Colleague: 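Here you go, one structure.
All of these numbers come straight from a predicted model, not from anything done at the bench.
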Amino acid sequence: MSSLKQALLQLSNPERAILATRYFKTGKGQYGEGDIFIGLSNPQVQSLVKEYWKSMDMTDIQELINNKIHELRFAGLLVLVAKFPKSSLFQQQEIVEFYVKNVQQINNWDLVDCSAYKILGKFLLNKDCQILYDLANSGHLWSERTAVVSCLEFIRNKQFSDIFNLSEKFLTHKHDLMHKACGWMLREVGKKDELALEEFLDEHLKKMPRTMLRYAIERMEEAKRLGYLKQ
C-alpha cells in the first residue's frame, strides 16, 4: 500500500461520506450508482497529493485508480496531472496511453473534469485528435464527457473546431451531464470569441437542449441572453 493511500484512508469521515453519496448520485439507476466514498474534501486530497506525488510511480497510481473508493481514484488522477507537465514527451505519451486505458475507472464528472483537459487536452493540442473522437463514439457516458472536457485546452488556445464538432454530435444526447459539459465548453468559447459562439448557436439553436443553451449563454449580457432563451 502506498503512503498516499494510507494517508487518505486515515482521514475518512463517515458523516461526510454519506453526503457525498447523495451529491454524486450513487443510488440505484443514478449516474454514480454503487460508487463508494470515505468522506474526504477535495482540498484534503489535493494537499496530500502535493506531498506525495513525486515519490509515486505508475504502479502506485494504478493501485489508486483501480480502487473502488472514489477519493482514491481522484487522488490517482491528480498524481497523473501533477506528473504530466514535468515529464518528457515520451513519458507524456505513456501517461496519455495509461489514461485512455483506464478510462472506465474515470467514472464520474469530477474525475473527468479534474484531469481530461490537463492531460489529453494538453497532449493533443496541435496534434491529431482522433483519440477524442474515438472516446466520443464509445457510447460510454464518461468517455464522451472526457472527449468534450479535453477541448478546454484547445479553446484556451482559440481552437474551436473540435468542440463545435462534438457539441453538434451531442445535441441529441440523452444525459444532461453531457448537455452541461458541452454548454460549459461553449461558454468558454464565448469568453474567447463571442461571435464564434453566436454563429454556432444561431445554426443549432432549434435542436439544442435547454440545459446546454443555458450553460452556453451564461456569461452573455442579459438582453442577448434573454433573446436566445426566448427563441
Side-chain angles (χ1 to χ4, degrees), residues 19-20 22-27 29-33 35 42 70 74 77 81 103 106-122 124-125 129 131-133 135-231:
L19 296 176
R22 295 171 183 165
Y23 182 70
F24 286 101
K25 308 295 185 185
T26 64
Q30 295 181 307
Y31 63 73
E33 181 177 352
D35 207 353
N42 284 359
H70 184 99
F74 181 62
L77 291 167
V81 168
V103 73
I106 307 170
N107 57 352
N108 215 312
W109 58 264
D110 63 320
L111 304 181
V112 172
D113 296 358
C114 79
S115 60
Y117 71 94
K118 295 178 180 179
I119 294 176
L120 289 187
K122 285 187 179 295
L124 294 174
L125 183 65
C129 295
I131 292 173
L132 298 188
Y133 292 93
L135 292 170
N137 290 323
S138 67
H140 176 244
L141 174 63
W142 306 117
S143 297
E144 293 167 339
R145 188 175 174 104
T146 294
V148 168
V149 175
S150 293
C151 292
L152 180 56
E153 184 66 19
F154 308 161
I155 295 165
R156 288 176 172 174
N157 286 272
K158 297 186 178 181
Q159 298 177 20
F160 308 139
S161 59
D162 292 299
I163 192 54
F164 286 158
N165 290 339
L166 292 174
S167 295
E168 182 176 4
K169 173 181 174 59
F170 291 129
L171 286 171
T172 57
H173 200 284
K174 295 180 179 180
H175 208 296
D176 71 337
L177 284 172
M178 289 304 298
H179 304 163
K180 291 176 181 178
C182 291
W184 168 26
M185 292 300 108
L186 292 172
R187 184 175 71 234
E188 295 299 317
V189 170
K191 291 180 183 178
K192 294 293 185 181
D193 186 339
E194 190 163 298
L195 180 59
L197 171 60
E198 290 176 7
E199 289 175 350
F200 181 84
L201 294 177
D202 292 343
E203 182 178 354
H204 299 290
L205 187 61
K206 292 182 179 179
K207 293 183 179 179
M208 186 172 289
R210 187 78 167 180
T211 298
M212 189 186 297
L213 175 63
R214 293 184 71 91
Y215 271 61
I217 64 177
E218 192 174 53
R219 294 297 183 91
M220 285 184 174
E221 60 181 36
E222 185 174 7
K224 191 176 291 186
R225 183 172 56 80
L226 291 175
Y228 275 112
L229 289 174
K230 287 177 182 178
Q231 291 184 62

Colleague: Let's go through N42 and F74 carefully: what are the C-alpha distance in whole Å and the side-chain angles of both, what is the deciding distance for side chain to side chain contact (heavy atoms under 4.5 Å, CB included) to 0.1 Å, and is it a yes or a no?
Modeller: CA-CA 9 Å; N42 284 359; F74 181 62; 3.6 Å; yes
Colleague: I need the D110 CG to L77 CG distance, nearest 0.5 Å.
Modeller: 9.0 Å
Colleague: Do L141 and M178 have side chains that get closer than 4.5 Å, going by heavy atoms?
Modeller: yes
Colleague: Looking only at heavy atoms, what is the nearest atom pair of K169 and A136, with distance?
Modeller: CE-O, 3.2 Å
Colleague: Could you state the interatomic distance from CG (L197) to CD (E188), rounded to the nearest 0.5 Å?
Modeller: 11.0 Å
Colleague: A quick test of your reading: do over 12 heavy atoms of other residues, nucleotides or ligands sit less than 6.0 Å from CZ of R214?
Modeller: no
Colleague: Rounded to the nearest 0.5 Å, what's the gap from CD on E218 to NZ on K191? Could you check?
Modeller: 9.0 Å
Colleague: So do N165 and Y133 actually touch side chain to side chain, heavy atoms under 4.5 Å?
Modeller: yes
Colleague: How far does NZ of K224 sit from CD of E198, to the nearest 0.5 angstrom?
Modeller: 3.5 Å
Colleague: I'd like to know if D35 and K25 make a salt bridge, using a cut-off of under 4.0 Å between side-chain N and carboxylate O.
Modeller: no
Colleague: Which heavy atom of V149 sits nearest to which heavy atom of A181, and what is that distance?
Modeller: CG2-CB, 4.5 Å
Colleague: Is there a side-chain contact between M208 and L201 in this structure, where contact means two heavy atoms from C-beta onward sitting under 4.5 Å apart?
Modeller: yes
Colleague: With the side chain counted from C-beta on, respond yes when S150 and L124 share a heavy-atom pair under 4.5 Å apart, and no when they do not.
Modeller: no
Colleague: Atom NE2 of H173 and atom CE of M212: how far apart are they, to the nearest 0.5 Å?
Modeller: 9.5 Å
Colleague: Examine distances only and state if a side-chain atom of R145 and a backbone atom of L177 form a donor-acceptor pair shorter than 3.5 Å.
Modeller: yes
Colleague: Is there a side-chain contact between W184 and V148 (heavy atoms, below 4.5 Å)?
Modeller: no
Colleague: Between T146 and H140, is a side chain to side chain contact (heavy atoms under 4.5 Å, CB included) present by the stated rule, with each step listed?
Modeller: CA-CA 10 Å; T146 294; H140 176 244; over 6 Å; no
Colleague: Which atom names give the shortest non-hydrogen contact between F154 and C129, and what distance separates them?
Modeller: CZ-SG, 3.6 Å
Colleague: Without swapping roles, check the side chain of N157 against the backbone of E153 for a donor-acceptor pair under 3.5 Å.
Modeller: yes
Colleague: Check this for me: E33, atom CD, are more than 12 non-hydrogen atoms of other residues, nucleotides or ligands nearer than 6.0 Å?
Modeller: yes
Colleague: So F200 and F164, would you call those rings parallel, tilted or perpendicular, with 30° and 60° as cut-offs?
Modeller: parallel
Colleague: Would a 4.5 Å heavy-atom cut-off, applied to side chains only, mark R210 and L229 as touching?
Modeller: yes
Colleague: For H175 versus Y31, what's the shortest heavy-atom pair and its separation?
Modeller: NE2-CB, 3.9 Å
Colleague: For a 4.5 angstrom cut-off between non-hydrogen side-chain atoms, does M220 reach Y228?
Modeller: yes
Colleague: On a heavy-atom basis, which atom in V81 and which in K118 lie closest, and how many Å separate them?
Modeller: CG1-CD, 3.6 Å
Colleague: Going by heavy atoms in the side chains, are L135 and W142 under 4.5 Å from each other?
Modeller: no
Colleague: Got a second to check how far S143's OG is from N107's CG, nearest 0.5 Å?
Modeller: 10.0 Å
